[in-house]
Amino acid sequence: MFKFEGIYTPAVTPYAADGAIDYGRFDQVLESLIEARVHGIIIGGSTGEYYAQTVEERLALAERARQVIGNRLPLIVGTGAIRTEDAVVYARHAREIKADAILVTSPPYALPTEQENAHHALTVDRAAQLPIMLYNYPGRMGISMGDDYFAAVSRSPNVVAIKESSGDMNNLHLLACRYPSIALSCGWDDQALEFFAWGARSWVCAGSNFIPREHVALYQACVVEKDFDKGRKIMAAMMPLMNFLDAGKFVQSIKQGCELKGLAVGPVRAPLQPLDDAEKAQLQAVIAEVKRNVAAISVV
């Protein structure tokens, strides 16, 4: 069974000036992540702005990613949708293109009960028959996955991991102690150190779109080297970026970070709007500080 280990990047979606997806630049984004030696790529996540895309665009992006990545890195495809029927479409398509795994969220806006939400996940599971990383993000979905949900979905051998993005340490403890068959993946950036201390072996981090090596360095220190003294230093050095991203305009900031790296990824889609000049300058200074400080730690 597929194991989630390492840094998994939810790739951004580049847009041209007219708002259409720029597939040539999408290829460049994927190649930059492969070159940076992240451990896997996620298509159709929140950072990729799936919520602002048509069904046809989402399917085309997943197919393009499979073509470009080939077998060089694992490809994980997001199935997020309000309707279970739509999530099933994305799940079946992921199987058709031979994705390595799928990402399964709670349906946003609908506010299902935990049992209804579990039924949704298991329906998607049956359609895909692929390894699943659950994605618990109540801040976006309106509900949180909890004990009843985990008890139901953990019966499926395909449910192998969870991107836990609630920010609630109680959920982290619940998963670590009661559901060890569901591998933890950090989905709340400023808690990465805590996740690794509780046994997480992967981190789904949008910032790795533009500073992947720094994110890999924290994973390497905590998971591979098991050097938490070094990990704490790297984590402290990365906190200014995490604090900036937590302040709002998350996707806009990730895309601006890519631009600063030299990846032309274009604007965000409405209703989001780009960073203003002051925010751009602040982000540039924060990134420079993080890179400088992590580099100093890594060479010690």
*Hey, can you tell me if Tyr179 and Phe150 have their rings parallel, tilted or perpendicular (30° and 60° cut-offs)?*
tilted

_Is any side-chain heavy atom of Thr47 closer than 4.5 Å to one of Phe250?_
yes

*asked:* Whether Asp86 and Arg83 form a salt bridge (side-chain N of Lys/Arg under 4.0 Å from carboxylate O of Asp/Glu) is what I want to check.
replied: yes

*Passes side chain to side chain contact (heavy atoms under 4.5 Å, CB included), Met242 versus Met235? Steps please.*
CA-CA 10 Å; Met242 296 173 184; Met235 186 75 186; 3.7 Å; yes

*Kindly indicate whether the side chain of Asn158, heavy atoms from C-beta on, has any atom under 4.5 Å from the side chain of Gln129.*
yes

*How close do Val160 and Pro131 get, heavy atom to heavy atom, and via which atoms?*
CG2-CB, 4.2 Å

_Is there a path of hydrophobic side-chain contacts, each under 4.5 Å between heavy atoms of I/L/V/M/F/W/Y residues, joining Ile143 to Trp188?_
no

*asked:* Would the distance check show the side chain of Gln53 and the main-chain N or O of Gly48 forming a donor-acceptor pair, the cut-off being under 3.5 Å?
replied: yes

*Geometric class of the Trp198/His173 ring pair [parallel <30°, tilted 30-60°, perpendicular >60°]*: tilted

_Test side chain to side chain contact (heavy atoms under 4.5 Å, CB included) on Val29 and Val265; report intermediate values, then the result._
CA-CA 8 Å; Val29 167; Val265 296; 3.8 Å; yes

_Donor-acceptor under 3.5 Å (Glu116 side chain, Thr113 main chain)_ = yes

_Arg155 bridged to Asp125 by N-O distance under 4.0 Å_ = no

*Are Ile102 and Val89 linked, directly or through other ILVMFWY residues, by side chains that come within less than 4.5 angstrom of each other?*
no

*Which heavy-atom pair separates Leu75 from Ala62 by the least distance, and what is that distance?*
CD2-O, 4.1 Å

*asked:* Counting neighbours of CG on Asn71 that are heavy atoms of other residues, nucleotides or ligands and sit closer than 6.0 Å, is the number greater than 12?
replied: no

*By side-chain hydrogen bond (donor to acceptor under 3.5 Å, both in side chains), which residues pair with Ser46, not counting sequence neighbours?*
none

_Rounded to the nearest 0.5 Å, what separates atom CD1 in Ile162 from atom CG in Asn171?_
7.0 Å

_Nearest heavy atoms of Gly142 and Leu111, plus distance in Å_ = O-CD2, 3.6 Å

*Could you note down all residue pairs passing side-chain hydrogen bond (donor to acceptor under 3.5 Å, both in side chains) where residues 263-274 supplies at least one of them, sequence neighbours left out?*
Glu57-Arg269

*asked:* Would you say Ser185 and Glu164 are linked by a side-chain donor-acceptor pair, where the criterion is simply a distance under 3.5 Å?
replied: no

*At what distance, to the nearest 0.5 angstrom, does CZ of Arg126 lie from OG of Ser156?*
9.5 Å

*Where the side chain of Lys255 meets the backbone of Pro267, is there a donor-acceptor pair that is under 3.5 Å apart?*
yes

*Is a side-chain N or O of Ser166 found less than 3.5 angstrom from the main chain of Asp168, in a donor-acceptor match?*
yes

*Atom pair NE2/CG of His215 and Asp189 - distance to nearest 0.5 Å*: 5.5 Å

_For Leu193 and Arg232: C-alpha separation, side-chain torsions, deciding distance, then whether side chain to side chain contact (heavy atoms under 4.5 Å, CB included) applies._
CA-CA 7 Å; Leu193 194 72; Arg232 279 190 292 272; 3.3 Å; yes

*asked:* Distance check, rounded to the nearest 0.5 Å: Leu241 atom CG versus Asn293 atom CG?
replied: 12.0 Å

*Over 60° means perpendicular and under 30° means parallel, so classify the ring planes of Tyr23 and Phe26, tilted if in between.*
perpendicular

*Shortest non-hydrogen contact from Gly80 to Thr105?*
CA-OG1, 3.5 Å

*asked:* Could you tell me if the side chain of Val104 sits less than 4.5 Å from the side chain of Tyr135, heavy atoms only?
replied: no

*With sequence neighbours excluded, give me every ring pair (Phe, Tyr, Trp, His ring centres under 6.0 Å) pair touching residues 35-83.*
His39-Tyr219

*Is it the case that one hydrophobic cluster holds both Phe2 and Tyr90, taking links as side-chain heavy atoms less than 4.5 Å apart, direct or via other members?*
no

*asked:* Would you say that more than 12 heavy atoms from the other residues, nucleotides or ligands in this model lie under 6.0 Å from the CZ of Arg178, or not?
replied: no

*asked:* When you compare the side chain of Glu114 with that of Asn117, does any pair of heavy atoms fall below 4.5 Å?
replied: no

*Any salt bridge between Glu49 and Arg58, counting N to O under 4.0 Å?*
no

_Determine whether Glu85 and Arg92 satisfy the following criterion, salt bridge (charged side-chain N to carboxylate O under 4.0 Å, His left out), listing intermediate values before the conclusion._
CA-CA 11 Å; Glu85 293 86 349; Arg92 285 177 176 158; over 6 Å; no

*Within a strict 4.5 Å, meaning less than it, do heavy atoms of the Phe4 and Ile76 side chains meet?*
yes

*Does any N or O in the side chain of Ser165 come within less than 3.5 Å of the main-chain N or O of Tyr137, such that one atom is a donor and the other an acceptor?*
no

_Would you compute the distance between atom CG of Asp227 and atom SG of Cys222 and round it to the nearest 0.5 angstrom?_
8.0 Å

*Got Val159 and Pro157 here, is their nearest side-chain heavy-atom distance under 4.5 Å?*
no

*Please confirm whether the backbone N or O of Cys186 pairs with a side-chain atom of Gln191, one donor and one acceptor, at under 3.5 Å?*
no

_Checking the side chain of Asn136 only, and the main-chain atoms of Met145 only, is there a donor and an acceptor separated by less than 3.5 Å?_
yes

*Please lay out, stage by stage, how Leu272 and Lys249 fare under the test side chain to side chain contact (heavy atoms under 4.5 Å, CB included).*
CA-CA 8 Å; Leu272 303 186; Lys249 296 189 176 180; over 6 Å; no

*To the nearest 0.5 Å, what is the distance between CZ (Phe195) and CG (Asp190)?*
10.0 Å

_Salt bridge or not between Lys291 and Glu214? Use side-chain N to carboxylate O under 4.0 Å._
no

*Please report the shortest heavy-atom distance between Ser154 and Ile182, naming the atom on each side.*
CB-CD1, 4.0 Å

*Work out which heavy atom in Ser253 is nearest to a heavy atom in Leu283; give both atom names and the distance.*
O-CD2, 3.4 Å

*For the residue pair Glu96 and His93, establish whether any side-chain heavy-atom pair is separated by less than 4.5 Å.*
yes

*Regarding Asn209 and Thr9, is there a side-chain donor-to-acceptor distance under 3.5 Å anywhere?*
no

*asked:* Counting C-beta onward and ignoring hydrogens, is there a side-chain heavy-atom pair between Phe210 and Ile287 closer than 4.5 Å?
replied: yes

*Do NZ/NE/NH1/NH2 and the carboxylate oxygens of Glu259 and Arg25 come within less than 4.0 Å?*
no

*asked:* Hydrophobic cluster membership, with links at side-chain heavy-atom distances under 4.5 Å among I/L/V/M/F/W/Y: are Leu30 and Ile254 in one?
replied: yes

_Main chain of Ala296, side chain of Arg292: is a donor-acceptor contact present, judged purely on distance under 3.5 Å?_
no

_According to a hydrophobic-cluster definition based on side-chain heavy atoms being under 4.5 Å apart (Ile, Leu, Val, Met, Phe, Trp, Tyr only), do Val224 and Ile297 belong together?_
yes

